[in-house]
Amino acid sequence: MRSEQPKTVYLKDYRAPDYLIDETHLTFELFEDHTLVHAQLVMRRNPAAGSGLPPLVLDGQQLELLSLAVDDVPLGEGDYQLGDSHLTLQPPRDEFVIDSSVRIHPESNTALEGLYKSSGMFCTQCEAEGFRKITFYLDRPDVMSKFTTTLSAVQKDYPVLLSNGNPIASGQEEDGRHWATWQDPFMKPAYLFALVAGDLWCIEDSFRTMSGRDVALRIYVEPENIGKLQHGMDSLKKSMKWDEEVYGREYDLDIFMIVAVNDFNMGAMENKGLNIFNSSCVLAHPETATDAAHQRVEAVVAHEYFHNWSGNRVTCRDWFQLSLKEGFTVFRDAEFSADMNSRTVKRIEDVAFLRTQQFAEDGGPMAHPVRPDAYMEISNFYTLTIYEKGAEVLRMIHTLLGAEAFRQGSDLYFDRHDGQAVTCDDFIKAMEDASGVDLAQFKRWYTQSGTPRLAVEEAYDPVAHTYSLTFRQSCPPTPGQEHKEPFVIPVAMGLLDAHGNELPLRLAGEDAADGTSRVLAVSAAEQRFTFVDVAHKPLPSLLRGFSAPVKLSFPYSRDQLMFLMQHDSDGFNRWEAGQQLSVQVLQELVDQHQRDEALSLDPRLIAALRSVLADESLDAAMVAEMLSLPAEAYLAELSEVADVDAIHAAREFARREISRELFDLLWARYQTCREASRTTPYAADAAQIARRSLQNIALSYLALAASDEVVDVCEEQFEHADNMTERLAALAVLVNSPFEAEKANALAKFADYFKDDALVMDQWFSVQAGSPLPGGLERVEALMHHPAFTLKNPNKVRALIGAFANQNHVNFHRLDGAGYRFLADQVIALNALNPQIASRLLTPLTRWRKFDSARQALMRGELERILASGELSSDVFEVVSKSLA
Ligand code: PHE
Ligand code: ZN
């Protein structure tokens with residue numbers, strides 16, 4: 001907790017560290033009621049930072065200092081200054097050794113940052129600034145050191161003792177304690193430090209690297225979850241292979257370990273050689289984890305593994321450069337997932353997420369550039385902008401340079417900066433040097449916040465046979481940035497003739513046509529591209545594969561969108577045409593609702609979906625994606641003022657109409673899919689995943705008919721499915737149905753069967769928290785008292801409170817403000833327990849500007865109540881105060 005207003009940190013104030021730490025020797029004595037940490041730091045003056053011997057200022061928070069010595073000379077109280085967050089002393093000379101001993105309390109650490117206990121085991125989380133809660137240190141990523149770590153604990157309770165690098169020694173003591181020493185040969189910043197001590201089991205495997213070295217692979221978990229590790233291990237081996245093949249990156253230690261922990265603020269952490277994972281991101285078994293969860297495990301395992309190069313071997317100079325490692329690594333893991341699964345479906349999912357969530361962030365009070373230039377609390381900047389938009393920026397570089405030059409740029413970056421802490425500029429420079437492409441203007445993507453608008457106008461000249469596209473870009477003001485300069489926007493595009501064939505593309509001034517799909521680099525505020533030899537007026541397919549994170553508008557008619565849905569050669573854009581058609585049709589229903597008119601659905605949407613559903617040659621995963629109407633949150637994002645109730649009514653009306661009109665087709669496809677599920681054993685492969693997603697979305701439409709035959713198939717699927725994907729989908733359908741008895745029965749059965757499996761219970765909470773039926777808040781409040789719920793576990797908070805506030809718009813945005821009051825109460829309670837989770841949970845309230853004036857006032861009122869509620873963490877203070885500004 002802070003006692004005064006937190007200070008803002010600015011990128012422009014960056015200075016190289018005065019001192020360096022060449023070696024770090026740590027000793028941890030772990031006890032039940034405290035832990036002793038001894039640190040020996042071999043330090044020297046940083047030659048790059050100037051002359052003289054300035055005071056040494058070490059970071060340290062919540063540490064009880066027991067002893068301090070410099071060069072073996074003990075320091076007395078007058079020899080140093082100790083404040084809330086720093087320890088200052090005067091070094092005697094250029095090279096010196098600091099020894100400190102501190103006492104800390106992992107057993108009562110609920111913030112889950114630094115050293116803490118989770119389900120009886122000790123573990124650490126040091127990114128971004130958690131190491132300072134472990135010992136006095138220069139806790140900044142540009143101070144890199146060689147770590148040696150010894151840890152000791154009671155052997156019977158903590159048989160496994162792990163840290164980064166390789167194990168070099170271990171032994172037993174007489175009193176039942178044992179110890180182990182680990183040494184990491186690679187220089188690393190403190191945020192990549194980790195230790196684990198617990199009663200853990202592991203599965204083991206090995207991987208032969210491209211240069212022929214064998215690496216031992218281990219995944220550790222509490223004994224009861226040992227059966228849920230195979231998918232994570234398979235994912236790890238695939239990741240290691242992929243990074244060799246696609247990026248030429250080889251693993252560098254003899255051992256790579258993953259540990260699953262139950263209490264974790266984020267998804268996972270890339271500590272060198274010892275990744276620590278939220279158990280939700282590594283455990284998977286067909287009977288307890290859905291297909292989506294399996295895919296998430298594959299993606300997160302890959303993400304953390306890829307950080308070994310993009311993040312660890314080459315790290316960030318300061319936290320303003322966070323997207324250097326995160327944007328790049330998300331781009332890398334997205335491409336990996338695309339290669340392992342359906343590329344188009346992966347892109348659809350990522351774009352839907354980006355446009356719904358990141359665009360909302362970019363349009364709200366916390367909007368910031370991919371490389372921010374100021375923050376109060378760095379933990380608040382692990383955002384969708386840093387991660388997802390950062391990944392889009394990398395994707396654009398890939399698109400503009402082409403795969404080959406991009407790879408050369410990446411090789412150059414890793415070669416040039418191996419072992420260094422660098423900036424986004426260094427990355428761009430490597431890309432420029434390798435490709436010869438000037439990215440000076442492109443860099444605005446790193447410095448300007450907000451989502452650019454790109455309005456496109458066409459003009460056809462039937463005499464000259466020319467077709468031109470005029471692009472006008474703009475970007476709305478964001479906090480601290482009134483005016484924006486034009487971005488470089490790569491627009492992948494093609495032109496279709498009246499039969500749906502792709503036209504060869506030749507721009508005015510070019511000698512010959514060059515392919516049927518190409519990338520236009522739009523770089524001016526207004527820019528025209530003219531195509532020649534165009535015999536008839538074509539239909540443009542724009543922003544293929546979502547080649548830039550912009551809001552593109554082109555005045556397509558509904559018939560044109562239906563045409564694109566059928567004929568576009570780009571799978572992403574076929575889906576996108578369907579989405580745009582749905583958005584137009586749904587917005588029309590919203591208007592009707594607002595005018596109190598009877599709702600009437602444009603039959604073209606039904607016709608379009610009918611042909612999708614009837615086309616057996618289409619990939620089932622694509623059919624499922626096409627059948628999914630845009631989410632309420634996306635429709636809200638697109639509105640100037642989001643009318644929560646009208647959006648819900650419109651979307652539900654459309655779903656019921658689709659169900660009614662297409663019932664027979666849906667029924668037939670459902671039966672075929674379910675029959676295949678019944679007769680083939682479960683596998684998490686692409687074809688089966690596709691089939692189950694089609695099956696489950698079909699079921700959710702069928703259930704709207706509320707007929708007995710549908711309840712029967714729902715119950716059949718719920719009872720007899722051999723996997724969580726089908727079982728949970730059936731449960732969700734029942735939960736959202738009017739069949740009270742069947743619903744209660746299914747919920748009770750599920751909870752009884754899975755009561756001891758925390759991750760499954762999270763899904764049980766989420767399904768109920770997300771149900772839009774009336775009374776949602778009361779259901780959530782009751783579930784807060786369920787024995788499986790606790791505010792201390794972030795997964796539980798996300799599953800119940802997070803799902804309610806983010807995915808249950810009608811209930812959360814109740815007009816009496818009770819949903820907002822509930823969320824604010826939870827934020828206030830969590831502020832004291834776990835500031836990072838408190839601050840993330842706040843997000844829906846920060847979006848108050850999107851709503852009508854009555855809701856705005858209620859939401860602001862709750863933000864003000866939080867602000868006045870007492871001692872706020874810097875995390876919560878920053879978000880609340882910026883939201884109210
Ligand atoms: N660096 C982690 C990742 O993205 C995320 C993380 C950040 C985890 C901060 C914990 C704390 O891979
Ligand atoms: Zn990451």
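For clarity, every value in this text was computed on a predicted model and none was experimentally measured. Each ligand, and each atom within it, is numbered from 1 in the order the structure gives. The figures that follow rest on heavy atoms only: side chains count, while hydrogens, waters and symmetry mates do not.
In this pair, F406 and Y247 present their aromatic rings perpendicular. The plane angle is above 60°, beyond the 30 to 60° band.
Residue-to-ligand polar distances place E326 within reach of ligand 1: an N/O pair is separated by less than 3.5 Å. Polar contact check, H303 against ligand 1: a nitrogen or oxygen pair lies under 3.5 Å apart.
Between F256 and Y305, the ring centre distance stays below 6.0 Å.
In the candidate list K325, E270, Q836, E270 is nearest to atom 2 (C) of ligand 1, counting heavy atoms.
Among T329, N275, D252, the one residue that satisfies the side-chain hydrogen bond (donor to acceptor under 3.5 Å, both in side chains) test with N308 is D252. The side-chain contact (heavy atoms from CB on, under 4.5 Å) with S310 is formed by just one residue from the set E326, K325, R332, H303; it is R332.
Ion pairing between a basic and an acidic side chain is recognised when a charged N comes within 4.0 Å of a carboxylate O; R343 and E335 show such pairing.
A 6.0 Å sphere centred on NZ of K882 holds more than 12 heavy atoms belonging to other residues, nucleotides or ligands.
Neither the backbone nor the side chain of A128 has a heavy atom within less than 4.0 Å of ligand 1.
Of all protein heavy atoms, the one lying nearest to atom 9 (C) of ligand 1 is E127 O, 3.6 Å. Looking at atom 5 (C) of ligand 1, its nearest protein heavy atom turns out to be Y387 OH, 3.3 Å.
For a distance bound of 2.8 Å, the N, O or S atoms of E304 include none lying that close to the Zn ion (ligand 2).
Side chains of D875 and N380: a donor-acceptor N/O pair is absent below 3.5 angstrom, by distance only.
Residue-ligand proximity, A268 to ligand 1, at heavy-atom distances under 4.0 Å covers atoms 2 (C), 3 (C), 5 (C), 6 (C), 8 (C), 12 (O). Proximity to Q125 (heavy-atom distance under 4.0 Å) selects the following atoms of ligand 1: 10 (C), 11 (C).
Within E326, the N/O/S atom positioned nearest the Zn ion (ligand 2) carries the name OE1.
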